[in-house]
There are 2 protein chains.
Amino acid sequence: MHQPDDRPADQVFTALADPTRRRLLDQLSAQGPLSATDLATGYPVSRQAVVKHLGALSAAGLLRSERHGREVLYGVVPERLDEATAWLADVGARWDHRLRALADHLRDDPDPGAGTS
Amino acid sequence: MHQPDDRPADQVFTALADPTRRRLLDQLSAQGPLSATDLATGYPVSRQAVVKHLGALSAAGLLRSERHGREVLYGVVPERLDEATAWLADVGARWDHRLRALADHLRDDPDPGAGTS
DNA sequence: GCTATTTGCAACTCCATGGTTGCACATTCT
DNA sequence: AGAATGTGCAACCATGGAGTTGCAAATAGC
């Protein structure tokens with residue numbers, strides 16, 4: 001009864017939570033589609049570690065892999081990021097709205113239940 | 001060496017990555033400042049677990065605790081969420097821009113080194 | 001066909017993190 | 001003062017995730 005879109009959000013935020021993954025995303029968007037082996041050269045971790053991160057990002061829908069011959073190129077899927085941004089903005093707006101409502105309520109009824117003792 | 005604002009983002013995204021924490025944030029914004037004990041009654045975990053999550057959220061700057069007598073009330077700090085939203089939107093925009101630049105480049109120089117077969 | 005390069009498992013280690021419990025400390029109320 | 005209630009701390013456990021290594025399978029180039 002909270003957010004039906006919480007599952008994809010979970011995926012995305014989990015993916016975004018890892019700094020290596022964010023950096024991967026960043027580099028990928030900066031330098032276009034690259035292979036895992038290619039990417040791995042710029043990171044302090046093994047190629048396999050990068051592959052795992054790429055997998056996580058793909059699972060979150062933030063990347064798409066495309067096979068070219070014996071290479072697999074990973075590219076950014078901007079729409080997903082856009083969705084995540086929209087979700088975050090929505091939550092923020094909801095909070096803001098509720099806080100405003102709370103402030104309004106407090107202005108109308110300053111200290112409910114505090115004069116009972 | 002990439003983004004100087006990556007540290008706070010790391011905190012925020014790490015905090016947001018946990019579903020319990022997101023729910024906590026949600027409830028807190030919906031029902032105003034509440035104590036850890038109060039919050040814990042609505043969750044399948046112990047009060048201490050909730051306290052830890054609250055601590056993580058506070059560390060990320062998403063919550064602020066305020067002591068009232070023997071109770072500690074936790075309240076949402078919307079600005080931080082706003083910052084996170086802005087950051088995400090910024091990253092998204094940057095990606096979009098780079099993709100556009102890439103598309104433009106490809107239009108000018110369609111397929112460098114790939115037309116050999 | 002052989003070799004080099006690259007991807008794709010799979011097994012394994014390590015540690016950060018979510019969760020628990022128990023107890024001490026503080027505060028309020030009678 | 002003493003009972004209740006609530007917070008804080010610390011030890012502890014278990015799981016998951018990040019990372020590694022080794023090797024097999026596929027593909028490209030000679």
Side-chain angles (χ1 to χ4, degrees), chain A residues 6-7 10-28 31 33-60 62-75 113-117, chain B residues 6-7 10-28 31-60 62-75 111 113-117:
Chain A
D6 212 34
R7 258 84 88 211
D10 197 34
Q11 295 272 88
V12 171
F13 279 119
T14 298
L16 255 30
D18 189 281
T20 301
R21 252 167 269 158
R22 285 202 303 276
R23 181 163 300 193
L24 235 9
L25 230 27
D26 185 55
Q27 178 174 0
L28 236 21
Q31 309 178 4
L34 293 172
S35 70
T37 304
D38 242 342
L39 285 162
T41 62
Y43 290 75
V45 299
S46 74
R47 177 195 120 245
Q48 289 296 355
V50 172
V51 169
K52 282 192 184 179
H53 283 305
L54 257 17
L57 287 166
S58 297
L62 288 155
L63 291 184
R64 184 181 306 153
S65 62
E66 192 180 343
R67 181 152 212 141
H68 283 250
R70 71 179 158 185
E71 285 188 330
V72 175
L73 285 308
Y74 291 85
T116 52
S117 65
Chain B
D6 213 33
R7 256 85 86 212
D10 198 34
Q11 295 271 89
V12 171
F13 280 118
T14 298
L16 255 30
D18 189 281
T20 301
R21 253 168 269 159
R22 284 203 304 275
R23 182 163 297 194
L24 235 9
L25 230 28
D26 186 54
Q27 177 173 1
L28 235 22
Q31 309 178 4
L34 293 172
S35 70
T37 305
D38 243 342
L39 285 162
T41 63
Y43 289 76
V45 300
S46 73
R47 177 196 121 244
Q48 289 296 356
V50 172
V51 170
K52 281 192 185 178
H53 283 305
L54 257 17
L57 288 165
S58 298
L62 289 155
L63 291 185
R64 184 180 306 154
S65 61
E66 192 180 343
R67 180 153 214 142
H68 283 249
R70 71 180 157 187
E71 286 189 328
V72 175
L73 286 307
Y74 290 85
D111 213 346
T116 51
S117 64

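Here is the naming used below: chain letters follow the sequence lines, and residue numbers restart at 1 for every chain. The basis for the numbers below is simple: all heavy atoms, side chains too, and nothing from hydrogens, waters or symmetry mates.
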Candidate nucleotides C:dT20, D:dG19, C:dG8, ranked by approach to the side chain of A:V72 - the nearest: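 Shortest atom-to-atom distance from the side chain points to C:dG8.
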
Specify the separation, in whole Å, of atom [atom1] of [X] and atom [atom2] of [N].
X: B:L24; N: C:dG19; atom1: CG; atom2: P; result: 10 Å
X: A:E71; N: D:dT27; atom1: CD; atom2: P; result: 13 Å
X: B:L54; N: C:dG19; atom1: CG; atom2: C1'; result: 15 Å
X: A:L73; N: C:dT5; atom1: CG; atom2: P; result: 19 Å
X: B:K52; N: C:dT17; atom1: NZ; atom2: C1'; result: 8 Å
X: B:Y74; N: D:dG6; atom1: OH; atom2: P; result: 15 Å
X: A:R70; N: C:dT3; atom1: CZ; atom2: P; result: 16 Å

Could I get a table of every N or O pair under 3.5 Å where one atom is in the protein and the other is in nucleotides 13-17 of chain D?
none

For the [atom1] atom of [X] and the [atom2] atom of [Y], what is their distance to the nearest 0.5 Å?
X: A:L39; Y: A:Q31; atom1: CG; atom2: CD; answer: 8.0 Å
X: A:Q27; Y: A:Y43; atom1: CD; atom2: OH; answer: 4.0 Å
X: A:L28; Y: A:L57; atom1: CG; atom2: CG; answer: 8.5 Å
X: B:L24; Y: B:H53; atom1: CG; atom2: NE2; answer: 7.0 Å

Where do [X] and [Y] come nearest, in terms of heavy atoms and distance?
X: A:A59; Y: A:Q11; result: O-NE2, 3.1 Å
X: B:D10; Y: A:P19; result: OD1-CD, 3.8 Å
X: A:V72; Y: A:S65; result: CG1-CB, 3.8 Å

Nucleic acid contacts - residues 41-49 of chain A versus DNA chain D, non-hydrogen atoms under 4.0 Å: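 Hits under 4.0 Å, by residue number: A:P44, A:V45, A:S46, A:Q48, A:A49.
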
Under 3.5 Å: donor-acceptor pair, side chain of A:R67, backbone of A:G69: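 Checked: pair present.
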
Any donor-acceptor pair under 3.5 Å from B:R22 side chain to B:L16 backbone: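 Yes, the answer is positive, given that a donor and an acceptor are paired below the 3.5 Å cut-off.
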
Pairwise 5' ranking along DNA chain D for A:G69 and A:T14, keeping only the more 5' one: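 Residue closer to the 5' terminus by nearest nucleotide: A:T14.
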
Toward the 5' end of DNA chain D, by each residue's nearest nucleotide, B:R67 or A:H68: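 Nearer the 5' end of the strand: B:R67.
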
